[in-house]
2 protein chains.
Amino acid sequence: MSLPHALLTALIERPGAGSELAGRFDRSIGYFWQATHQQIYRELARLEAAGLIEGTAVDGARGRKRAFRVLPAGRAELARWTAERQEPLPIRDEMMVRLRAEAMVGPTTLLNTLAELAQHHRDRLKTYQDIEKRDFTPPPTDKGQRLRHLVLKAGIEYERHRAAFCEQAMALLSSPSE
Amino acid sequence: MSLPHALLTALIERPGAGSELAGRFDRSIGYFWQATHQQIYRELARLEAAGLIEGTAVDGARGRKRAFRVLPAGRAELARWTAERQEPLPIRDEMMVRLRAEAMVGPTTLLNTLAELAQHHRDRLKTYQDIEKRDFTPPPTDKGQRLRHLVLKAGIEYERHRAAFCEQAMALLSSPSE
DNA sequence: ACGAGCATGTAACCAGTTACATGATTGA
DNA sequence: TCAATCATGTAACTGGTTACATGCTCGT
């Protein structure tokens, strides 16, 4: 259950309204934790009810926009959670299931899906590399910045690895069977 | 929604009872798709109700054990699903959230958690490498076997990558701040 | 014959998903 | 003034999780 803590972190980094957070979950934070606006609003309501954040009306804005900031209790809760033990990520990789199924009931058109997926990962790799060039040259010396850089580099390695995997699987599937 | 298809694949590879499948989801299949026995029994009941699999009582077994095998309709459904378009995996990486939180409210005891996690990934890496040595030397020429080998190699790369990441994060967190 | 443990479930809950709804403001 | 769009939701559903329950048989 990391969404509330991802929200607290984001709001400490910069306070803002639900819609702004939704935007950030489509970009920076969203690269390692995804959430829809429905989830975000629901969770903000819970955090506010629990007294961890506080929202104040933003006037001169559309609708009934409210900016949230983290209260001391929210900071404390975030610190508590950060120090908590963590179980390894449960892995659920649909493509691995598909490949194993392909070995049983193939051949199918899995090759097309792999090509699309490879392109997706190459695109995202490019995006990350652009961010790295823009934000982390020269490499930062500040610890917070170095942590963020590390997270980004993990994303870069991940995308590179996934793209390469798709390409290997494509090569295997399109090789003549024997 | 890949669990039913993971089950169909597993049952084509080798028919068996729910408890046997639960065992396989703790080993081979479980390395890329996890499921508890509750999920497995629920899903088997659905697949049977949909006419995709068939269960027959195993006598001489404990309890009311039933062996399931995949019916032609099940094979057809698996082939249909395998050829389906696939969205990229949604990413939800709790450790990345923690690292970014650490940058805001740290330092915490995150270092301990990272050490545990690194050990977990090194252990699993060792397991995979042992499986590779046992099952895939010499490298297979059969296409199905090569596909399985590819899936295993992806697992190996994943664990290696995660372990290295944890070690880098530990080095960064324990370096003197400036 | 009886406890340990295997095989199969039930029930309640929670996070995430999908589809739709409402109120306010801006711009043509 | 009214359509487009922004900001904030509500409702219903689904897959996965956690805790507990039941029936059977094997070994002692």
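Only a predicted model underlies this, so the values are computations on that prediction, with no experimental measurement involved. Residue numbers begin at 1 in each chain, while the letters A, B, ... track the order of the sequences.
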Notebook entry, point to check: Which part of the nucleic acid, if any, lies within reach of A/Arg66 when heavy atoms closer than 4.0 Å are counted: base, sugar-phosphate only, or nothing?
Noted result: sugar-phosphate
Note to self: Counting only heavy atoms and a strict 4.0 angstrom limit, can you tell me which residues of residues 12-39 of chain B come near DNA chain C?
What the structure shows: B/Ala17, B/Gly18, B/Ser19, B/His37, B/Gln38
Check: Are a donor atom and an acceptor atom from the side chains of A/Glu159 and A/His120 found within less than 3.5 Å of each other?
Finding: no
Margin query: Can you classify the ring geometry of A/His121 versus A/Tyr158 as parallel (below 30°), tilted (30 to 60°) or perpendicular (above 60°)?
Written below: perpendicular
Next item on the list: Establish, with yes or no, whether the OP1 or OP2 oxygen of D/dG9 is under 4.0 angstrom from a side-chain nitrogen or oxygen of A/Tyr41.
Entry: no
Check: Parallel under 30°, tilted from 30 to 60°, perpendicular over 60°: which one fits the rings of B/Tyr41 and B/His37?
Finding: perpendicular
Check: Counting just side-chain N and O atoms, does A/Arg46 come under 4.0 Å of either OP1 or OP2 of C/dC14?
Finding: no
Checklist line | Nucleotide of D/dT17, C/dT17, C/dG23 approaching A/Arg92 most closely (side-chain heavy atoms) | finding: D/dT17
Check: When A/Asp93 is tested against each of A/Arg162, A/Arg98, A/Arg100 for salt bridge (charged side-chain N to carboxylate O under 4.0 Å, His left out), which residue passes?
Finding: A/Arg162
Notebook entry, point to check: When you check the side-chain N and O atoms of B/Glu116 and B/Asn112, is any donor under 3.5 Å from an acceptor?
Noted result: no
Note to self: I want to verify a distance call: between C/dA7, C/dA12, D/dT8, whose nearest atom is closest to the A/Lys65 side chain?
What the structure shows: D/dT8
Notebook entry, point to check: When you check the side-chain N and O atoms of A/Gln119 and A/Arg122, is any donor under 3.5 Å from an acceptor?
Noted result: yes
Next item on the list: Quickly work out the A/Arg64 CZ to D/dT8 P distance and round it to whole Å.
Entry: 8 Å
